[in-house]
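Chain A is the first sequence line, chain B the second, and so forth, proteins listed ahead of strands; every chain is numbered from 1. Because the structure is predicted, anything quoted here is derived from the model rather than measured.
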2 protein chains.
Amino acid sequence: MDERDDTVETVDSVLAALSDPRRRQLLDLLAEQGEATATTLAERLPVSRQAVVKHLATLDAAGLVSVTRVGREVRYAIRTAGVNATAQWMAALADDWDRRLAKIKRVAEAAERDSRSPRHD
Amino acid sequence: MDERDDTVETVDSVLAALSDPRRRQLLDLLAEQGEATATTLAERLPVSRQAVVKHLATLDAAGLVSVTRVGREVRYAIRTAGVNATAQWMAALADDWDRRLAKIKRVAEAAERDSRSPRHD
DNA sequence: AGATTGTGCAACAACTAGGTTGCACATCAT
DNA sequence: ATGATGTGCAACCTAGTTGTTGCACAATCT
């Protein structure tokens, strides 16, 4: 397994990686083709190969792509696990916030009631 | 509904907003307190009020916080809708990728089979 | 009115990110 | 062996981010 606390620790890098439009574009291209090299990908984009390489390195660091060397070429492919994990993390986060806010609201309302009828009248 | 294409268009800004640790920290603080001013928040962080204000502006632009002026103070509060929407978007995206990759895999395997028994023997 | 407190605005410094180009090195085909 | 193709490394530029500080302005309290 060796998952460790990737789930929490990597969310940071996944969010950062996905926040760039060009990187999302790269992931789209990879989803289209299943596998591709930086050189090929660069041909389909208005940027240099080097720019693509850098983006792919970021995606790799975030665990969003897999890298495989075949002879003289390096093939990249999407790994959906990271995105899925982050999506779940976000959903849980929003949920947590919602619960906390609901609690705060209840407390506030209770205080409001108390201040109106101080109970020891 | 008035949602327009917020769902797609805003994902960009939500991801960008969430990709910064300090902003996530701010959201956490807001979830704790329910509502707070930039001045108060800055007291709990190792940065100036102005830095906090800028972050809150970013969060506001992404629709992640609501802003309410009360007298001379400006109160910020979390809005979970944006995060929820983005979480769903991500989940859908990962799903789409998975499907596309599965399809590619099937095609590749079919081709493999064909090449082994070319049918017109 | 006068002091206090909370914001808003603007200029500035430091750092990071996305992108470029040039060249060296490795691998494959002829 | 040679040429073509694909990568890797490094220096560099530009623009945007994050953070700062100083000061003016608005609202509140005594």
Polar side-chain atom of B:T10 near backbone of B:S13 as donor-acceptor pair, under 3.5 Å: no

What does A:T39 touch in the nucleic acid at a heavy-atom separation under 4.0 angstrom: a base, only the sugar-phosphate, or nothing? sugar-phosphate

Which of these passes side-chain contact (heavy atoms from CB on, under 4.5 Å) with A:V65: A:T58, A:L26, A:L30? A:L30

Looking at D:dG8, I'd like to know if its phosphate oxygens (OP1 or OP2) sit under 4.0 Å from a side-chain N or O belonging to A:R69. yes

Verdict with supporting geometry, A:R100 and B:D28, salt bridge (Lys or Arg N to Asp or Glu O under 4.0 Å): CA-CA 10 Å; A:R100 289 205 256 173; B:D28 268 336; 3.6 Å; yes

Figure out the CZ/P separation between A:R23 and C:dA17, and round it to whole Å. 9 Å

Nearest to side-chain heavy atoms of A:Q50, which nucleotide of D:dG6, D:dC9, D:dG19: D:dC9

With no angle test and no hydrogens, is the base of C:dT5 tied to the side chain of B:R72 by a donor-acceptor pair under 3.5 Å? yes

Measuring to OP1 and OP2 of C:dG19, would you say a side-chain N or O of A:H55 lies under 4.0 angstrom away? yes

Using a distance-only criterion (donor-acceptor N/O pair, under 3.5 Å, no hydrogens), is the base of D:dG19 paired with the side chain of B:R49? no

Relative to the 5' end of DNA chain D, which residue comes earlier, A:T37 or B:A51, by the nucleotide with the nearest heavy atom? A:T37

OP1 or OP2 of D:dT7 sitting under 4.0 Å from any side-chain N/O of A:R75? no

Which listed nucleotide (C:dT20, D:dT18, D:dT7) is nearest to the side chain of A:V47? C:dT20

In whole angstroms, how far is the C1' atom of D:dT18 from the CG atom of B:L59? 14 Å

Nearest to the side chain of A:K54 - C:dG18, C:dG19, D:dG19? C:dG19

In whole angstroms, the gap separating C1' of C:dG19 from CD of A:Q25 amounts to 14 Å

Applying side-chain hydrogen bond (donor to acceptor under 3.5 Å, both in side chains) between A:H55 and each of A:R23, A:R24, A:Q50, report the one that passes. A:R23

Pick the closest DNA chain C nucleotide for A:G71 and for A:S48 by heavy atoms, then say which residue is nearer the 5' end. A:S48

